[in-house]
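Whatever order the structure lists them in is the order used to number ligands and atoms, beginning at 1. These numbers come from a predicted model, not from an experiment.
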Amino acid sequence: MADYKEKSQAQLLKEQLFYKVKNTYNELSEEAIEAAYAYAEGYKKYLDASKIERECVKESIQMLEAEGFVPYTFGMKVVAGGKYYCNNRGKGLSAFVIGTESIENGVYFAASHIDSPRVDLKAHPLYETDGLGYLKTHYYGGIKKYQWTAIPLALHGSVVKADGTVVDIVIGEDDSDPVFYIDDLLPHLAANQMAKPAKDVIAGEQLNILSGSRPFEKDMHEGVKLNIMKILYDKYGMTESDFLSAEISAVPSFKARDVGFDRSLIGSYGHDDRVCAYPSLTALMAVKDPKHTIMAVLADKEEVGSDGNTGMQSAAYFDIITDLARTFGVSDIVVRANSKCLSSDVNAAFDPNFPEVSEKRNSCFVNNGVVITKYTGAKGKSSTNDASAEFTGTIRNLLDKAGVIWQTSELGKIDQGGGGTVAKYIAKYNIDVIDLGVPVLSMHAPYEVVSKTDVYMVHKALEAFFQA
Ligand code: MN
Ligand code: MN
């Protein structure tokens, strides 16, 4: 039997003064954990339906339209409580609900990204060599190239044909589809390869996708290539020159699955950053009659620097705020100055297999809830937004009041490497912004892992933010 002693003064002081790390499984009710598992089912469907940014935009618009959101065009009349979305060239998306308060009080928005590391086809991809058909590629974003060999790949994208018609392509997702493949060297003959630094094990120009081997007819020069082109012509009406005006990506053909005996984790391609994009939509849709105008921004091109007119550095996303300000006859400068943003992106979860790259006291852990990252960047805090103590304080109070389990983190040990998010591109517009997202294991790998309770906490965090 336990001997109930009164807590010592020192013990009580410790409880009062020390920071205590929280774990979702210790803190959440059984109902909340059940809700997290249920929430994960919708998230997995979203993952499987949207492996590239174009598909994310389409899938997200379907979700939004089902909730009564309508397309927005610059200059259109909007009303309080009105729900709108703005499609940025099919590759980026802003969805928003007009608040009951004046827009002068600012827009509260969550910014995530919907592009993920992958392998894109080059403009002249198709060739035949030694009896095999291949597609040349150019990798997109930060990948470990060796991870993309010897796994089943699917092709996703759009082709704009010579006559201007657009064909969307998805091959390799249905169980009856063929898949694609980047071959690697057998260990028996890999003595030289295995002695190379990992970054050189597979060169960028070796990421060639095996795409066929059967010639159009016997003893024919480039017969395999011709046969592949004939198949593409019959199915999509495309000729070789149509690759010039196409965006086709090879992504892992794996489906999102539960991981572990207890199904507490989710494995998938592209958690970074659908794991924040999806909660930003569900949170936006969950909030009724918000005080502030609230918005979810799903940007493209984060993995390559947020450039281009669909990346977060594009005026396209901020022009909406300017346009809404004009519509209501207020200053867009004032609206931006009062706006708040959660830059919703992932962070590197502490990995017990690689403890040496993290500083444990300042790392995020799987199952410890949403991770607030005050600054990202590299070296001596270079190239980062670095949220103010004031805004960090506002957000921690908001999360505590809403019962959201949260933690803070840096991205790895000092001088170990580094990384960035869209936060600094938003801060440029005189908007308070801080990073908030999910700890991920094996970030940027073809199959990444997150925790179900952490994902659900992002939904709850963004919901609380939109309700503020
Ligand atoms: Mn990201
Ligand atoms: Mn990333």
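- Ser280 contributes a side-chain N or O that, together with a main-chain N or O of Ala277, makes up a donor-acceptor pair within less than 3.5 Å.
- If you look at the Mn ion (ligand 2), the protein N, O or S atoms less than 2.8 Å from it are Asp272 OD2, Glu303 OE1, Glu303 OE2, His444 NE2.
- Judged purely by distance below 3.5 Å, without hydrogens or angles, the side chains of His113 and Glu302 pair a donor atom with an acceptor atom.
- For residues 377-389, the pairs satisfying salt bridge (Lys or Arg N to Asp or Glu O under 4.0 Å) are Lys374-Asp386, with sequence neighbours left out.
- Using cut-offs of 30° and 60° for the angle between ring planes, the His292 and Tyr108 rings count as parallel.
- Side-chain atoms of Ser249 and Arg118 include a donor-acceptor pair closer than 3.5 Å.
- The aromatic rings of Trp406 and Tyr19 are tilted relative to each other, their planes meeting at an angle between 30° and 60°.
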